[in-house]
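The structure appears right after this line, and notes come after that.
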Number of protein chains: 2
Amino acid sequence: MTYLAPKIWVSVDCLVFGYDTNASELKVLLFKREVEPFLGEWSLIGGFVEEEENLENAAVRILDNFTGLSNVFLEQLQVFGNVNRDPAGRVVSVLYWSLIKIHDLKKDKAKIHGARWFSLSELPDLILDHKEMVNLGRQELITDAKLKPIGFELLPQEFTLPQLKQLYDTIYGGSVDDRNFRKQILKTELLIKLDKKDKSSSRKGAFLYKFDSEKYKQLSKEGYHLDLKI
Amino acid sequence: MTYLAPKIWVSVDCLVFGYDTNASELKVLLFKREVEPFLGEWSLIGGFVEEEENLENAAVRILDNFTGLSNVFLEQLQVFGNVNRDPAGRVVSVLYWSLIKIHDLKKDKAKIHGARWFSLSELPDLILDHKEMVNLGRQELITDAKLKPIGFELLPQEFTLPQLKQLYDTIYGGSVDDRNFRKQILKTELLIKLDKKDKSSSRKGAFLYKFDSEKYKQLSKEGYHLDLKI
DNA sequence: ACAAAAGTGTTGACCGTACACCCATGT
DNA sequence: ACATGGGTGTACGGTCAACACTTTTGT
């Protein structure tokens, strides 16, 4: 049994964000394209979907190939399917986005494919419509950071409140009032305060916290929705 | 130039919602599938993407084919791409959703393809993963109705506040306080009150309003976001 | 005059926001 | 002792949520 319809190449591109806590900068993982056309130019990590491979699995495979990571935040964003988006042929590309802890990146895997981080402020030219994809992801980040606990995907397992605030400041490009930010974030009761301090950036040291993902899952089931007023 | 990768069928399915103001019911447009497999079973309207056709254009074409409508609300929702979602072969389907005014449907066009409305409460069995698609759309409706002026896509050009409230009640499956609803919706200043009344449902008659889409576009550019507390 | 739906205001509770000083520590 | 970043509380104004009666008009 078969359909009378044209077949099309389907690819998956994966927009990977990381956050450099030291520089307070959002970064995107790019790699040097290994095939013609655009050989050697900067591109989102990506690849074609195999015959016997779910889209989701393709995204997982690609992410693992370039970062060595699995079980991280990875969601479908949008499909790009204009006829002429790729001059080499008709390719429909499914864009996924991923948020990872920047230090978890397996550097050997990244190196093999010439992948490296770029600050959002210093993005090189990207092939095809990949710039558009990055912009879409930035927008999504802005929208979602208030509504879902995605910030914690970008920070180390254990983080300080100043770090968390810095991250939100970076995403929203403005400075939030310190006291109000703490009130907002602690009010959710989704942070577990640890008995340790991080002294790497001050003499006093800042308490470390971790995100209570179990509690969040539980609350989500009961209809709870995060809604930070930042 | 060509890629060494498998090619895949790409289809577009289009989830069309309408709102029956009389019965206060949300409806979905379904049609009897015209090809094997699943010939004669109920399905979302859809079709394959042509070789030289943008995804968006395919959605527009399909919607026009079945409804005779263009220039209506039509947005991409998600891609469904599991290997075995269609037993007849590997098909990746891009789901679009559309909101239309139920009486604008061109009945002759719909009839040609055996398309008709179904209440959400009386959906028949659907082929493949189309039930999942409907559920995704319902969820999207719930999320978006507070944040975007999509309700007006479902109502006639001119509508009354009681009708609008009924619609929101239907979407959220609960009854909103009448006075608070009016306050919320009028506070936006996006409704234009007309000098006419609709007397079809009461002796007193309810004032007709229309949505000020120009003003909304303008405000959107300036960063305004609708945020109804329903 | 009455039935049936449309329309209208007020109050209390809570929440968001603005704002400035003390604390802990390593050097 | 001092410099550096971490941490804390309060008061005001606005917004959401709860609540019941009057208005209009066709019959």
Side-chain angles (χ1 to χ4, degrees), chain A residues 20-24 145-147 151 155-156 158-170 172-210 223-230, chain B residues 21-24 145-147 155-156 158-170 172-210 223-230:
Chain A
D20 179 343
T21 43
N22 297 318
S24 296
K146 298 184 186 194
L147 306 174
L155 289 174
E158 304 186 345
F159 54 87
T160 67
L161 290 186
Q163 280 174 341
L164 186 60
K165 177 175 141 44
Q166 284 271 5
L167 171 57
Y168 276 90
D169 282 348
T170 304
Y172 291 104
S175 181
V176 187
D177 182 272
D178 201 15
R179 286 158 290 187
N180 293 338
F181 177 78
R182 279 164 188 270
K183 258 182 287 182
Q184 276 290 322
I185 208 79
L186 291 175
K187 194 178 57 177
T188 65
E189 299 192 312
L190 288 170
L191 295 196
I192 300 169
K193 189 174 184 173
L194 305 176
D195 272 336
K196 297 181 274 180
K197 281 191 169 186
D198 172 301
K199 298 207 174 184
S200 63
S201 69
S202 80
R203 304 194 145 96
K204 185 178 180 180
F207 275 104
L208 286 162
Y209 288 79
K210 63 180 187 183
Y224 171 81
H225 285 292
L226 192 63
D227 188 16
L228 298 174
K229 304 291 157 55
I230 306 281
Chain B
T21 43
N22 298 318
S24 297
K146 299 184 185 193
L147 306 174
L155 289 174
E158 303 185 348
F159 54 88
T160 67
L161 290 187
Q163 280 174 341
L164 185 61
K165 176 174 141 44
Q166 284 270 6
L167 171 57
Y168 276 90
D169 281 349
T170 303
Y172 291 103
S175 181
V176 187
D177 182 90
D178 202 13
R179 289 158 286 189
N180 293 338
F181 177 77
R182 280 164 187 269
K183 259 182 285 182
Q184 275 290 323
I185 206 82
L186 292 175
K187 194 176 55 175
T188 65
E189 299 193 311
L190 288 170
L191 295 195
I192 299 169
K193 188 176 187 173
L194 305 176
D195 271 336
K196 297 181 276 182
K197 280 190 168 186
D198 172 301
K199 297 206 174 183
S200 64
S201 69
S202 81
R203 304 192 146 95
K204 184 178 181 179
F207 276 102
L208 287 161
Y209 288 78
K210 63 179 186 184
Y224 171 82
H225 285 292
L226 193 63
D227 188 16
L228 298 174
K229 305 290 156 56
I230 305 281

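Just so it is clear: chains get the letters A, B, ... in the order the sequence lines come, proteins before strands, and each one is counted from 1. Computed from a prediction, not measured in an experiment: that's the story for all the values here.
- Nearest-nucleotide assignment on DNA chain C puts the 5′-proximal partner with B/Y209, out of A/K183 and B/Y209.
- Remark: P of D/dG26 and NZ of B/K199 are 5 Å apart, rounded to the nearest angstrom.
- Regarding B/L208, its CG atom lies at a distance of 12 Å from the P atom of C/dA6, rounded to whole Å.
- For A/R203, the listed nucleotide lying nearest its side chain is C/dT25; candidates were C/dT25, C/dA5, D/dT8.
- Look at CZ on A/R182: it is 20 Å from C1' on C/dC15, rounded to the nearest Å.
- Remark: the A/K204 side chain and the C/dC23 base include a donor-acceptor N/O pair separated by less than 3.5 Å.
- Between B/T21 and B/P156 the shortest heavy-atom distance is CG2-CD, 4.2 Å.
- The NZ atom of B/K229 sits 12 Å away from the C1' atom of D/dA17 (whole-angstrom rounding).
- A pairwise comparison of heavy atoms in B/Q184 and B/D227 identifies OE1-O, 4.3 Å as the closest pair.
- Between atom NZ of residue A/K183 and atom CG of residue A/D178 there is a gap of 11.0 Å, rounded to the nearest 0.5 Å.
- The nucleotide whose nearest atom lies closest to any side-chain atom of B/S201 is, among D/dA17, C/dA5, C/dG26, C/dA5.
- As a whole-Å value, the separation of A/D227 CG from C/dG16 C1' is 12 Å.
- Atom pair B/K146:NZ and D/dC16:C1' shows a separation of 13 Å (rounding to whole Å applied).
- Atom NZ of B/K197 sits about 6.0 Å away from atom NZ of B/K204, to the nearest 0.5 Å.
- Side chain of A/S202, nearest nucleotide from D/dT25, D/dG5, C/dC19: D/dG5.
- Looking at B/N180, its side chain comes within 3.5 Å of the base of D/dA18 through a donor and an acceptor atom.
- Interatomic distance, NZ of B/K196 versus NZ of B/K210, reported as 8.0 Å (0.5 Å rounding).
- Taking atom CZ of A/R179 as the reference point, atom P of C/dA20 lies 8 Å away to the nearest angstrom.
- Considering only the side chain of A/K187, C/dG16 comes nearest among D/dG26, D/dG7, C/dG16.
- Distance, B/K197 NZ to C/dA4 C1': 14 Å, rounded to whole Å.
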